[in-house]
Structures are given as structure tokens and as C-alpha cells.
Amino acid sequence: VSLKNQTRPIARRDHLLIEYLHEETFVYDAEHHKAHCLNQTVSYVWNNLNGENTVSDLAMLVEREFGVARGEPLVRVALKQLGKACLLEENGAAEENGALPSRREIARKVSMAGGAAFLLPAIASTIAPTPAMAGSWDGGRHRPPPPPPWWW
Amino acid sequence: LELLLCCARSAPDAGTIQFIQELSVSDVNWQRFVELASSHDVLPLVYWNLSRFCADLAPSVLMADLRQKFETNALANLARAAELRAILQNFHDHGIGVAPFKGPVMAASLYGSPVLRSFGDLDILVRPGDVDRAKDLLFSRGYRIDEQYLPASKHLVFVRADWGSVVELHWAFFDPALRCRLDTRRLWNRVREVQFYGAPAPGLNPEDEILILAVHGANHGWPILKWVCDIAEFVRVYPDLDWRDVLKQAKCARSERMFLLGLAMAANLLGAELPPDIRMRLDAGVITALTKDACDGLLARRNRGSIVVERAANLRRQMDYRERALDRVALCWHYLWERLKSNEADYDYWKLAPHWAFLYTLLRPVRLIQVYGFGPALTTLRILFNGQRRDATTS
């Protein structure tokens, strides 16, 4: 399915635990047991996928929010990544055909200054992180061992 | 250290923010700073504050490293929160009353988000009569009992083999030997409903939970700053706490000193703002001395040396935290009894025939003296006696 300008994607919200922090969004997908960290661009696009905004609307919103000359390439990449991460509703999960442009190409298209590269859409996804990946003193891998039985 | 204390708050005031910025441009040993934050288990808060208030002032390599740790913790915490939500739903469907405490529910209410606090396990409380059914439910979810923490007097530790999730199933809060008696029946009557990711979940009453946190910290000897942060955040988030009620409960639970110590540490280290009448109570000689000792111990993270010294010092601290002489004697007796229980080393040493097995307990002190001499016993006595002398001077 090609992503037309008039497509109105919808963000998936079911079975998700979502934490908004600063400009980023952390999402845990309890259905697929995957965790995602959305950077500010993807986060912004995702939060505006209400089924009413078209791709063109989203592009305008992104241009206004981040002060970039062309928002559409950013929106398209963001939607592609959101679709891959299963964060779009089925009816809105339109996928872009063909290969995505490289980060440099997008940056050029969007006319970003070098310092604004952090606006490039990015989702860091992992399978459900285990507690051992982020232990704590009172649990996980740092749980204090029981006292040795051999001495007082 | 100062920078760490300023960063270990979820909502620092304007003065603290300015102080963080000033300290960041001073001569900070960033490597040591991160080590300290990690050992006190407050990295998420530290990164959160550094990234908001002085991202450009801290070394970029360090910030990138902290960011990665922050993200890992955040995603793991969300996974744990999802697991807790599923467990709560499961228990609810089977008609088992359950109340989560500490962990994600508390982190969400105190810090505003579960990702700003690190936690390694999920603590849930059930009624003593429901323990067997709760165990079965956890087994059906793929958990197994971690046998290294048996025998259990107040909680069982469950581990899920596939991804290492840890659940502590509690039916009481404190080991009976510690002589803290919290009325769990009253606590169950006061359980309230809280919102947890859009769904209602049972939550402990704040007056009960702050007491539990303070006693928990004291029972471990306040080894990490994270637990002090919890108390400070509690005071900040619940300014209308019924202090008279908490104090009454603390007195009933024989843990007034422990409760006041927790508050005093939160006030001294993290600037928690306490009501005047509570502040007055903290100025009592014993509490001041205990607070100084606990704060020094926490900040210096002193290593007292051998396990004998560490245990004796911990016993001394625990005795200091008890108001009643009878509780101190009971604590001492428990300590002695635990040390005199025969074990594998005794069986290997004496190799008695089964019908002489009752002699192991009597022979254990003989073996200990033969192998280790009188040194450990004398060290223990010296630490206990010195502590008592110090008490006499402060009061």
C-alpha cells in the first residue's frame, strides 16, 4: 500500500504502556513484548495520528513545530518506522513502497542545518528488556545474597 | 557528593537547579560521580536532572553513557509495570485481594513516572490465607520459588525463568524477629484505589506506606540514597499526610525511632520539608545522633571490614533503633540463637552418629572457638559495648 498524502493514519494505543518524558516517549508493547524509545520527531508525529490528520497535515505540523523547510520526508520516515514497530492501527498502517532515503538525503530534503540532525526520526526498539538488563540494589542481579551459613 | 544530593530529586526547586548548574562547571570528578550515583541506585533521577538543567555542562561522552543506561532502565521498568498489571488482573480475576507496594505503582505516584526510579522486583501483598492460591497463580505464570531465600518468614521470592522477572509475594512486612509489629489487618482495611496506566489498582494508604518504607530502610541500615529519596518524595507528594496517624502507627509498631530517622535523613540529605511539630521531634538527642551516624554511613559507604564486624555493627544499629529495652534484648537473643544454629560446617567437623545429632548445637561454640579463637566474639562484644557507651553519652 502506498502512503498517499490523503492517508489518515491512526496511532495504536491498545495493550501499550506509554511514558512521556521530556521530548521522548517510551512505549512498552505488552502484546508483542517489545519496548520502544521514540525520539522527539517520531513522538510528535505519533501523538498527532488521530485519524483526522492527513500526511500533508502532519507535514505542516512538523514544519511548524520544528521549524524545518519540508516536513513531509520526516513524516514519511516516521510513519514507516511506526508501522514497523506495530504502533499504527491496521487501517492506518500504510507502508511506504520502495527503499527509504538515507539520513543524509532526508536531511538535505528537509533543509536541516547540521545541528538539527537529531530531528531525524528514530525509534530504538528492543525485545522486552529483562530485569537483568537494568538491575537494582534490591532486586534483579544486585539482589544481596542470603547470609553465608558457615559463620556468625 | 553535593551534586548527587541535588540531582537525586524529581522536582528540584529553583535554588537547587542553580546549585546543580554551578556545581557542574566546578571541578567535578564525573567518573566518581557516576559510580556514586550507580551505587546509590539513583542514576535515572541523576540523568533526568542533568539532561534538563546542565546537558551542555556535563561531558558529552558521560551523558551519552548515562542516557543509554536511562533508556535501558526505562524500558525494563515499563516491562515490569506491564507484568505487574497482568499479575494484578490475574489475581483480581481469581478473587485474590492483592496490594502492590514499592515498585512501579509507588514510582508512578511519587516520581511522576516509573522510569525515574530503578527497581529490581515487584512487591505484592496478599492476605496470609491467600498465600497458597497466590503461589499457584504465580506458578501458572511461569514463576518458580527462589530457594536460596528459604525458609521464609514474611515473603517468598519468585523468579520467572524466561526473562528473569522477580516477584516478592508478601503476607507480612517485617521479620517477626525484628520486633516491628505492623497491624496488617488495619492496613488491609485502609487499602485505596489508585490509577495505574489507566486501570484502577489497589494501593496502600500513604500513611502506611511511608512507615513501611522508613522501617524497611532502617532494617537494612540505610545503605543507599534511593530509599531516602523515596521518603523525601513522599513528603513532597503528600503534604497533607496525617502525621499524627503515622506517628501513632509507628508507636504501635514499635518503630517510632525508625520512622523519625527516615524523616530526619530525608530532611538532612534531600531537604524534605517537614511540619514544625515533626521537626521538633527530630531534634531529640537520640534521633540526632542516629541520623548523623546513618547519614555518615550512607554517604561514606563505609566498609566495616569482615563479616563479623559488619554483622555486629548492624546488630548495634538495630538495637539503637529500638525504643524498648525488651525489644533490644529479644533482638540480641535472636542474633545469638541464629549464630548458634548448627550447620553443614558443624556436621562435617564433628561427624556424629545420627542419634547424637542433638549435640551439634552444644558443640558448635566449641568448634567456632577452636577454629576462629575468641576474636570474633570479643569483636562483637566490643562493638556492642562501644555503641552502648555512645548512647549513654548522647542521651
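All values below come from the heavy atoms of this structure, side chains included, with hydrogens, waters and symmetry mates left out. Chain naming here is simple, since letters A, B, ... match the order of the sequence lines and numbering starts at 1 in each.
Remark: E71(B) CD to H36(A) NE2 distance equals 13.5 Å, nearest 0.5 Å. Between atom OH of residue Y197(B) and atom CD1 of residue I18(A) there is a gap of 9.5 Å, rounded to the nearest 0.5 Å. Atom OH of Y20(A) sits about 12.0 Å away from atom OG of S113(B), to the nearest 0.5 Å. Note that OH of Y28(A) and CZ of R85(B) are 10.5 Å apart. Values are rounded to the nearest 0.5 Å. The line from CD of Q68(B) to SG of C37(A) is 11.5 Å long, rounded to the nearest 0.5 Å. Here CG of L75(B) is found 11.5 Å from CG of L17(A). Values are rounded to the nearest 0.5 Å.
In this structure, the side chains of L21(A) and L116(B) come closer than 4.5 Å at one or more pairs of heavy atoms.
The most heavy-atom pairs under 4.5 Å with chain A, out of L78(B), V371(B), L122(B), come from L78(B).
Of all heavy-atom pairs spanning E19(A) and G112(B), the tightest one is OE1-O, 4.5 Å.
Neither the backbone nor the side chain of Y349(B) comes within less than 4.5 Å of any heavy atom in chain A.
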